[in-house]
Number of protein chains: 2
Amino acid sequence: MQQRRADHIAVQLEELIFDGTFQDGQRLDEVRLADQFGVSRTPLREAIQRLALSGLVDLIPRRGAFVRQPGPVELIEMFEVMAELEAACGRLAARRISDAALADLRDANARCRAAVEARDSDSYYTENERFHRIIYQQSGNGFLEQETTKLHKRLKPFRRKQLGFRGRMAQSMAEHEAIVAALEQGDGARAGDTLHKHVAVQGEKFHNLMASLKSAAE
Amino acid sequence: MQQRRADHIAVQLEELIFDGTFQDGQRLDEVRLADQFGVSRTPLREAIQRLALSGLVDLIPRRGAFVRQPGPVELIEMFEVMAELEAACGRLAARRISDAALADLRDANARCRAAVEARDSDSYYTENERFHRIIYQQSGNGFLEQETTKLHKRLKPFRRKQLGFRGRMAQSMAEHEAIVAALEQGDGARAGDTLHKHVAVQGEKFHNLMASLKSAAE
DNA sequence: GTCAACCGTTTTGTATACAAGAAGCGACAT
DNA sequence: ATGTCGCTTCTTGTATACAAAACGGTTGAC
């Protein structure tokens with residue numbers, strides 16, 4: 001799924017949208033971007049098509065591609081779905097998880113704890129990602145893993161922002177412990193519930209953040 | 001998201017893959033197909049890109065696009081995810097569903113019943129689809145609705161095949177009644193569970209069908 | 001003064017031409 | 001006889017050229 005250039009360009013464009021370089025509603029000028037990337041319009045158009053399929057841009061026929069940043073409502077919705085998917089992973093993983101994977105989870109958690117104590121939100125983020133990825137894998141359902149990973153990736157920039165919340169890292173840490181405990185005991189329902197809350201709360205936190213930013217601006 | 005031709009071609013190619021005209025592993029010859037559709041390679045390639053993104057073909061760099069029919073295992077996995085998504089829709093809908101939508105559900109159910117009695121699996125299928133679509137909508141989560149609809153569409157050809165199972169229509173019908181009852185009472189947990197079973201059983205039935213076909217062939 | 005229509009410009013969508021990589025085949029050498 | 005190297009050919013990936021549609025500005029009419 002990667003003829004080097006179009007693939008590379010798609011990834012770069014994604015980055016530019018994620019980090020906010022491209023504002024919401026901004027049109028992606030094919031010739032300008034093609035020039036900028038030093039390629040012709042053809043591979044660039046392919047990249048844009050891919051962004052459109054992932055929902056990052058709206059493609060309006062004969063008008064062009066317009067950046068489509070999700071608004072607060074859609075973000076909440078996406079986190080809600082994320083919570084459901086992660087919960088499903090957890091429920092399945094509780095039945096199927098291997099001892100080796102449990103050890104990996106505990107290892108990731110230990111590193112998370114170290115990051116919390118070191119107030120190192122970057123490495124916390126990295127280890128947190130590893131933690132969740134293990135659970136996706138251990139669901140034993142490749143398709144679920146794939147879909148969950150896709151949404152996880154899409155929510156990445158927003159999750160990252162809300163990590164700076166006061167006390168969020170410590171709270172998140174505690175939730176991780178509870179999740180591992182539930183998985184250890186093979187308690188799928190509890191693992192699912194805990195994961196659901198763990199993820200859904202991120203959406204709510206983010207919503208609060210957005211609201212506070214908005215009211216501060218007024 | 002549609003400059004008429006590429007869009008049209010993508011849909012047609014999808015159909016051809018769904019209905020099995022293109023075998024698993026078959027290479028999609030760009031020039032031959034372009035010729036066949038009466039267009040140049042450019043829009044055809046865009047269509048193929050889209051199929052690749054939806055997972056219908058594997059795109060191997062410098063080698064071409066190869067049809068990728070999901071195997072039995074992947075199908076089970078997809079139905080499992082479908083069950084989770086529908087269950088999530090049900091849980092949310094139980095809290096939010098409007099009286100009008102409840103009436104619509106009952107209406108769809110009545111038509112389903114008529115179709116069962118008339119042994120009309122085509123119209124059963126249509127009404128069944130309407131039934132589920134209403135629940136997706138009433139989840140009140142646009143993103144969830146969108147994702148669920150997408151997967152629903154992808155599983156369409158497989159769901160259809162297993163509908164011919166003896167007694168499946170009647171059983172499915174009874175499950176619909178139970179779902180409506182749970183939604184009426186605002187019992188999200190029960191609505192979710194019932195929906196989950198209702199969908200997951202389809203995957204299992206399909207699996208059985210595949211197995212029986214396979215053993216019959218031996 | 002304002003609104004509408006027409007023309008020029010810009011930009012997207014499509015076709016075609018070109019380049020580069022991969023597969024198939026044959027010849028040669030071991 | 002078999003394996004490998006090189007050539008030919010086919011196919012994909014990219015660039016460019018062309019067509020058509022949409023936007024903007026200007027001009028004219030009411």
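Residue numbers start from 1 in every chain, and the chains themselves are labelled A, B, ... in the order their sequence lines are given, proteins ahead of strands.
Distance, D29(A) CG to dC23(D) P: 15 Å, rounded to whole Å. For the pair E46(B) CD and dT12(C) P, the computed distance is 13 Å after rounding to whole Å. Distance CG (L44(B)) to P (dT14(D)): 16 Å, rounded to an integer number of Å. Protein atom CD of E30(B) is 12 Å distant from nucleotide atom C1' of dT14(D), rounded to whole Å. Atom pair I9(A):CD1 and dT14(D):P shows a separation of 8 Å (rounding to whole Å applied).
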Using a cut-off of under 3.5 Å, enumerate the N/O to N/O pairs linking the protein to nucleotides 15-20 of chain D.
{"from": "dA15(D)", "atom 1": "OP2", "to": "S40(A)", "atom 2": "N", "distance (Å)": "2.6"}
{"from": "dA15(D)", "atom 1": "OP2", "to": "S40(A)", "atom 2": "OG", "distance (Å)": "2.9"}
{"from": "dA15(D)", "atom 1": "N7", "to": "T42(A)", "atom 2": "OG1", "distance (Å)": "2.9"}
{"from": "dT16(D)", "atom 1": "O4", "to": "T42(A)", "atom 2": "OG1", "distance (Å)": "3.4"}

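Considering only the side chain of R63(B), dA22(C) comes nearest among dA22(C), dT12(C), dG13(D).
Looking at S139(B) and N141(B), their side chains never bring a donor and an acceptor atom within 3.5 Å of each other. Under the 3.5 Å distance criterion, with hydrogens and angles disregarded, no donor-acceptor pair is assigned to the side chains of Q49(B) and Q49(A). Residues H196(B) and E86(B) have side chains that never bring a donor and an acceptor to within less than 3.5 angstrom of each other.
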**Request:** Just do the salt bridge (charged side-chain N to carboxylate O under 4.0 Å, His left out) check on E147(A) and K150(B) with the steps written out, would you?
**Result:** CA-CA 12 Å; E147(A) 293 295 307; K150(B) 206 191 293 178; over 6 Å; no
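Contacts of R27(B) with the nucleic acid, taken as non-hydrogen atoms under 4.0 Å apart, involve only primed sugar atoms and P, OP1 or OP2.
Salt bridge annotation for E14(A)-K153(A): present, with a cationic side-chain nitrogen under 4.0 angstrom from a carboxylate oxygen. Comment: R130(B) does not engage D104(B) in a salt bridge, judged by the lack of any side-chain N to carboxylate O separation of less than 4.0 angstrom.
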